[in-house]
Amino acid sequence: MDKIYDCLIVGAGVVGASVFNKLTRIGKKCAMIDHASDVATGASKANSGLVHAGYDPEPGSLKAKLNVRGTALMPEICQRLGVPLKKCGALVVGDDAEKIANLKARGDANGVEVEIWDRAQILQKVPQISEHISVALFAPNAYIVSPYLFTITLTEEAIVNGGEVFLEEDLISAKKVDGFFEVKTKKNTFHAKTVVNSAGAGYNEVAKIFKGEEHPLLFRRGEYFVFDKQCGLEVPCTIFPLPTKFGKGVLVTATVDGNFLVGPTSEDGENNTQVTNAGLDDIKSKAGGMIAGINFRHAIREFAGVRVISGDDFIVEKSSLQEGLVNLAGICSPGLSSAPAIAEMVLELLGFENVEKKNLKKIQPYKMFKDCSPKEQAQMLKQDPRHKEIVCKCEKITKADVISALHRPLAIHSVDAVKRRTNAGMGRCQSGFCFTKVVKAISEECGVKYEKVLKENRGSEVAVGEIREVKE
Amino acid sequence: MKTDVLVIGGGPAGMSAALSASENGSKVVIVERDEILGGILNQCIHNGFGLHYFKEELTGPEFAHRFREMVEADKNITVFTSALVTKIGEKKVEVMGALGVQTIEAKAVILAMGCRERTAGNISLCGTRPAGVLTAGTVQKMVNIDGKMVGKDVVILGSGDIGLIMARRLTLEGAKVHAVLEINKTSSGLRRNIMQCLEDFNIPLLYNTTIFEVVGKDRVEGVWFGQVDENMKPIDNTKKFLKCDTVVLSVGLIPEMEMADFVTKSRVTNGAVVNEFYQTDKQWLFSCGNILHVHDLVDNVALEAKLAGKFASLYAQGKLPPRTKKIPIVAGEGFSYVLPSKVYEGAGQVEVKFRLKEKVVRKTLTAKCGANILGKRFILAGVPGEMMSLTFDKSGATGRISLEIE
């Protein structure tokens, strides 16, 4: 056995990356593996991007505890990573004062700052609020963040501090050899003292391989609309309806990039991310009940994410079937908010002390040319003339922006991975202008043939070959 | 940097406007975001361009090249490629790209940024989001510029011209184009394209039909498609599955007006509202080509831009005729829009452009002011896909001018 990891993390979503990051920071030798071509390709790329205040979970539950703790940790972590986190507050609106009062009591029980607002106060904050909204609960300590940029940067910071990431890994088998896990994938063999199953929707498949506990999982699909930055919406805070047993309902929020999200729906079923007519119609009618005059012609994209649910609460446990295995199952909402606190809890379960190493390295934050000061821009133009080449016209992304995203600590080679890091392709033309430019940049920089460049995961090659005149 | 006339966009509209502005005595700067002048024409390698403008049949790159040569030979025009305008302010624009980050000041600015394609997101295409769902323009770029095949089994959604052209192109490259699906009861594409690109290759064009759902995890595996009712809602029992690896979208074009959203826009064209000088409600800002309204032929774009360039140039020199009483031009029943939407009282010819809402056979189109007929034109047949025009003398107009079908 040449190398034995202190911990192998299976599943590179926001939860896996948080655990990976934390373990690396306390000096543990870790590896994180995933079947996808990038981190954050499951639920972590397709959610509302909210760091919840924590008024909603049942008091005393793991969700309540981890949400409140995670949200408290978030500002410091994002500051450290250079990931934009915007405190915008959450406003739960309705016409039933009693229900709002009940929600306030929940917030109080969870130790979350909340206040009840009347219509005049609501109108002052959100002039576009619907007519029938008469009362609301405002929680100031709620944030918006890019869930994928957060996951990516957490991962990269862990890599510069000694962590290793292996993507496009297909798990074949796992067994204990001399008290260590021997984990075989199609490409590699890993040896690890402990294993964390943070495989999200794939939790049970991984649990089977590691002979850990399987848990009944429910897949809850949520569809969303993404709106153009110039869509006439004024949403200074995240706006929710009163929560129901199916979750927090269709919300309206700004994103850190300046777009707007309206969704999600809540549909239990298979683990797929399809968008449906019924779902989109549902969003339209529900959102219209909160904000007047949303013009859905300004939608630039629709997507769906799948929340994985197991019972009423998160499962964060030491396996009782397999020594050294930690199970993280059913981390649905508020999973993003809770992720930093889940990482702390995993530390505890593994018996590690939460003492960070000294002299940890910092990660260079993602900063696009257009977001830099004139002085920085002048410097950047001198250093890399490829900042003079425009790749994405909607988001104003330069070729050097794209190339530097390809050469970060976590190697990537897909169009969507570039999109998550730079925003190239996220704009209103939805990559009509930049698609082939990004493909060519990946092809040149990563030494992959144009037609072999992936949109997202293996099997999503952007082309099938060359045209006849090139071939002949 | 300072200039008389600044043209944003170096496609056919921008180049034609720049040449005309220069010809009328102004110093001109063209700012183009791509690496080469020509715009989308560079990827339109099929022929059929230039029949009206050059009186001969050219390919897109040839048409672009002729303009490019004229622009390059014109000493009054300075071209900046790989330069992206990031903001338009009062008589100045901010740019990034090849020029670095800087501001260009101008006495007049011409919007000539063209249009973009409507996307899967714009039409709320249902299903998954795999590789292989592409707009027709992206497919055209991949095939014609990059020399790559996008797929083997193709379904085209929408019968816009680029979709029709790509149906033929992909067929010639060995792909099987199973069908073109059009949600409307008529096509917005040119008649000649339907004949030459679909009928000649036995590619079915199904009207009142759309994709209900895209299927596939990593790559497109097929589509569920079927008919829609009069409200464009899917009729469930007409649903069929078609195996394919590629979905090409040709579902309309949107003028790229977001950067100039401070001017008054038309709800029909999504372009600026302009007067007979192609002047927006900001006097220093002019608009022409596909950013003003989506054209059918590039020849018409070039001709329109020539006018806009001339007027912008005159404005920059303070020579635009003084404004007199404003007279609105309105589109009557059967027209989807008319442009320009206002003229100034006085003598002179004015050419208005319009599109019809539905097919019209053997009718006379008139421009009237009250009972006074200013101009008329007999047409054998007109369809919504084709842009039409009518020229009349406005000297007889004292009030509202209306366009009517008789």
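Chain identifiers are assigned alphabetically (A, B, ...) following the order of the sequence lines, protein sequences preceding nucleic acid strands; residue numbering begins at 1 within each chain. Both backbone and side-chain heavy atoms feed into the values below; hydrogens, waters and symmetry mates do not.
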Counting only non-hydrogen atoms closer than 4.5 Å, does K388(A) touch chain B with its backbone (N, CA, C, O), its side chain (CB onward), both, or neither? both

Counting only heavy atoms closer than 4.5 Å, note whether L134(B) contacts chain A via side chain, backbone, both or neither. side chain

Identify the heavy atoms of A131(B) and K455(A) that sit nearest to each other, and give their distance. CA-CD, 3.5 Å

Mind checking the CZ-OG1 spacing from F435(A) to T135(B)? Nearest 0.5 Å is all I need. 9.5 Å

Contacting region of T119(B) [heavy-atom separation from chain A under 4.5 Å]: side chain

Main chain of R468(A), side chain of E173(B): is a donor-acceptor contact present, judged purely on distance under 3.5 Å? yes

Taken to the nearest 0.5 Å, the spacing of C392(A) SG from R33(B) CZ works out to 10.5 Å

I'd like to know which of I390(A), V226(A), V415(A) tops the heavy-atom pair count under 4.5 Å against chain B. I390(A)

Of the backbone (N, CA, C, O) and the side chain (C-beta and beyond), which part of L125(B) lies under 4.5 Å from a heavy atom of chain A, both, or neither? backbone

Worked verdict on K148(B) versus E466(A) for side-chain contact (heavy atoms from CB on, under 4.5 Å): CA-CA 4 Å; K148(B) 304 296 171 185; E466(A) 288 172 331; 3.3 Å; yes

Atom pair OG1 (T86(B)) and NZ (K393(A)), whose distance is rounded to the nearest 0.5 Å: 13.5 Å

Whether K217(B) side chain and N272(A) backbone form a donor-acceptor pair below 3.5 Å: no

Are the side chains of D261(B) and Q230(A) in touch, meaning some heavy atoms are under 4.5 Å apart? yes

Assert top hit (heavy-atom pairs under 4.5 Å, partner chain B, pool E461(A), R428(A), E223(A), Q430(A)) equals R428(A)

Stepwise side-chain contact (heavy atoms from CB on, under 4.5 Å) check, I467(A) with R169(B): CA-CA 10 Å; I467(A) 61 167; R169(B) 184 77 178 102; 3.8 Å; yes

Supply the atom-to-atom distance C429(A) SG to E256(B) CD, rounded to the nearest 0.5 angstrom. 7.0 Å

Answer key: most heavy-atom pairs under 4.5 Å with chain B among E451(A), K396(A), K440(A) is K396(A)

Can you check side-chain contact (heavy atoms from CB on, under 4.5 Å) on N277(A) and K233(B), steps first, answer last? CA-CA 9 Å; N277(A) 267 320; K233(B) 292 281 174 204; 5.8 Å; no

F433(A) vs D34(B) side-chain heavy atoms within contact, under 4.5 Å: yes

Using non-hydrogen atoms only, which part of K437(A) is less than 4.5 Å away from chain B: side chain, backbone, both, or neither? side chain

Chain A contact via E213(B) - side chain, backbone, both or neither, heavy atoms under 4.5 Å: side chain

Given a strict heavy-atom distance threshold of 4.5 Å, which part of T398(A) is in contact with chain B: side chain, backbone, both, or neither? side chain

Roughly how far, to the nearest 0.5 Å, is the CD1 atom of I123(B) from the CD atom of E302(A)? 9.0 Å

So R129(B) and T273(A), do their side chains get closer than 4.5 Å, heavy atoms only? no

Under a 4.5 Å cut-off applied to non-hydrogen side-chain atoms, are R297(A) and I254(B) in contact? no

Within-4.5 Å side-chain heavy-atom neighbours: D218(B) and R458(A): no

Part of K229(A) within contact of chain B (heavy atom distance under 4.5 Å): neither

